[in-house]
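In what follows, every chain begins at residue 1, and chains take the letters A, B, ... in the order their sequences are listed.
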There are 2 protein chains.
Amino acid sequence: MSNAKVLPLLEPDGQGIVPCCPPLTERPMTANEAETAARMFKALGDPVRLRLFSAVASHEGGEACVCDISDVGVSQPTVSHHLKKLKEAGLLTSERRGTWVYYRVEPSVLAAMGRLLTGPAAAA
Amino acid sequence: MSNAKVLPLLEPDGQGIVPCCPPLTERPMTANEAETAARMFKALGDPVRLRLFSAVASHEGGEACVCDISDVGVSQPTVSHHLKKLKEAGLLTSERRGTWVYYRVEPSVLAAMGRLLTGPAAAA
DNA sequence: CATCTGTATCGATGGGCGTCAACATAGACA
DNA sequence: TGTCTATGTTGACGCCCATCGATACAGATG
């Protein structure tokens with residue numbers, strides 16, 4: 001339940017987050033780079049997870065209570081399962097405040113994935 | 001074997017390609033939008049596919065012969081299988097020229113996915 | 001303490017997917 | 001025509017994963 005990343009994909013580095021890989025178009029990715037980056041894409045490769053992620057990302061302040069976003073047509077355990085996956089992929093962090101648990105997007109991750117696809121054009 | 005998209009994700013629109021969805025952070029994605037966008041992320045969510053895609057994207061002219069990129073540690077049928085998936089996802093197109101088949105990235109797709117993640121910051 | 005609500009975990013199940021060997025197909029060339 | 005190379009397809013196998021109901025855990029409140 002702590003906030004420790006289970007599967008850090010963009011390795012946390014003291015303060016910031018270091019991009020795992022160069023842009024896709026720069027050179028062929030190595031096996032290790034691909035392994036790392038694919039985990040992020042895979043995490044967004046499920047419609048329910050993508051909706052949950054978008055719901056958090058677009059929510060006021062970039063964070064949302066589970067109760068705010070759990071209306072995606074699947075059971076509560078399934079919602080919890082997907083949020084865990086997104087957390088393990090380093091895309092979300094969670095924090096319990098009283099009764100509710102709030103999920104928050106890791107902003108630098110979005111920028112890093114953008115750079116992976118489009119190169120430096122994707123600013124932070 | 002033709003170049004017709006099996007599963008167009010960013011609907012082709014005459015000349016260009018229309019983005020399927022607004023940026024993730026703009027508003028919660030609808031079920032249909034998520035279904036569409038998740039297919040693209042899913043296609044990149046496998047390490048072998050990601051390496052193949054990166055190999056094509058980073059190759060001279062944005063295109064590559066299968067023989068140039070098939071050294072990713074899996075069998076030839078598996079390479080063919082993954083290239084087909086990438087093609088079905090609208091990320092690659094293919095064209096046979098004589099003996100060899102060339103795969104080419106759909107450039108606007110990269111920009112569209114970038115915008116999905118980072119908003120308008122990701123230019124073409 | 002008991003109870004209620006919100007969220008996570010467990011165990012099971014069904015379907016999807018990555019992989020391969022074997023085979024099929026397409027073009028080039030003799 | 002036959003053969004060789006390059007690539008795609010088929011069928012099977014094993015594993016991962018999305019989903020659920022049941023249950024457990026956490027915090028609030030009485």
Side-chain angles (χ1 to χ4, degrees), chain A residues 1-7 31 34-35 38-53 55-56 59 63-89 91-104, chain B residues 1-7 31 34-35 38-53 55-56 59 63-89 91-104:
Chain A
M1 222 65 46
S2 87
N3 223 12
K5 301 249 180 53
V6 181
L7 272 177
E35 199 89 31
R39 256 176 291 209
M40 295 189 299
F41 287 118
K42 191 174 185 179
L44 296 182
D46 177 89
V48 173
R49 275 198 295 270
L50 196 50
R51 287 187 74 187
L52 289 171
F53 185 74
V56 174
H59 204 266
E63 79 170 15
C65 167
V66 176
C67 57
D68 290 327
I69 60 174
S70 49
D71 195 19
V72 287
V74 294
S75 69
Q76 176 269 322
T78 301
V79 169
S80 194
H81 166 74
H82 284 307
L83 288 173
K84 184 181 183 180
K85 287 292 194 91
L86 288 166
K87 198 172 156 185
E88 288 174 350
L91 299 174
L92 294 179
T93 60
S94 70
E95 181 191 0
R96 172 158 228 141
R97 289 208 290 273
T99 303
W100 296 281
V101 176
Y102 290 83
Y103 281 80
R104 164 176 293 278
Chain B
M1 221 68 46
S2 88
N3 224 12
K5 300 250 180 53
V6 182
L7 271 175
E35 198 89 31
R39 257 177 288 209
M40 297 189 296
F41 287 117
K42 192 175 185 179
L44 296 181
D46 177 88
V48 173
R49 276 199 296 271
L50 196 51
R51 288 187 73 188
L52 289 171
F53 185 74
V56 174
H59 204 265
E63 79 169 13
C65 166
V66 176
C67 56
D68 290 327
I69 59 174
S70 49
D71 195 20
V72 287
V74 294
S75 69
Q76 175 268 322
T78 302
V79 169
S80 193
H81 167 74
H82 284 307
L83 288 173
K84 184 180 182 181
K85 287 292 194 87
L86 287 167
K87 198 173 156 184
E88 288 174 351
L91 298 174
L92 294 179
T93 60
S94 71
E95 181 191 358
R96 171 159 226 142
R97 290 208 289 275
T99 304
W100 297 281
V101 176
Y102 291 82
Y103 281 81
R104 165 177 293 278

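Atoms CZ (Arg96(B)) and P (dG27(C)) sit 6 Å apart, rounded to a whole Å. Rounded to whole angstrom, the span from the CG atom of Leu83(A) across to the C1' atom of dT7(C) amounts to 10 Å. For the pair Leu50(A) CG and dA18(D) C1', the interatomic distance rounds to 15 Å; values are reported in whole Å. Note: CG (Leu44(A)) to P (dA18(D)) measures 12 Å, nearest angstrom. As a whole-Å value, the separation of Trp100(B) CH2 from dT5(D) P is 13 Å. One atom, CD of Glu95(B), and another, C1' of dT7(D), lie 15 Å apart when rounded to the nearest Å. The nearest whole Å value for the distance from the CD atom in Gln76(A) to the P atom in dG6(C) is 10 Å. Remark: P of dG16(C) and CG of Asp46(B) are 18 Å apart, rounded to the nearest angstrom.
The residue His81(B) sits close to a base: some heavy atom pair falls under 4.0 Å. If you check every strand for non-hydrogen atoms under 4.0 Å, Tyr102(B) touches nothing. Heavy atoms of Val48(A) sit under 4.0 angstrom from primed sugar atoms or phosphate atoms, though from no base atom.
Between Tyr103(A) and Arg49(B), the residue anchored nearer the 5' end of DNA chain C, judged by the nucleotide with its closest heavy atom, is Tyr103(A). Heavy-atom nearest nucleotides on DNA chain D were determined for Pro77(A) and for Lys42(A), and the one closer to the 5' end corresponds to Lys42(A). Between Thr99(A) and Thr78(B), the one whose closest nucleotide on DNA chain D sits nearer the 5' end is Thr78(B).
Side-chain proximity of Val74(B) to the nucleotides dA6(D), dT19(C), dC20(D) is greatest for dT19(C).
Between His82(B) and dC17(C), a side-chain N or O to OP1/OP2 separation shorter than 4.0 Å is absent. At dA18(D), one or more side-chain N or O atoms of Lys85(A) fall inside 4.0 Å of OP1 or OP2 (strictly under the cut-off). Listed pair Lys84(A) / dA8(C) fails the phosphate criterion, with no side-chain N or O lying under 4.0 Å from OP1 or OP2.
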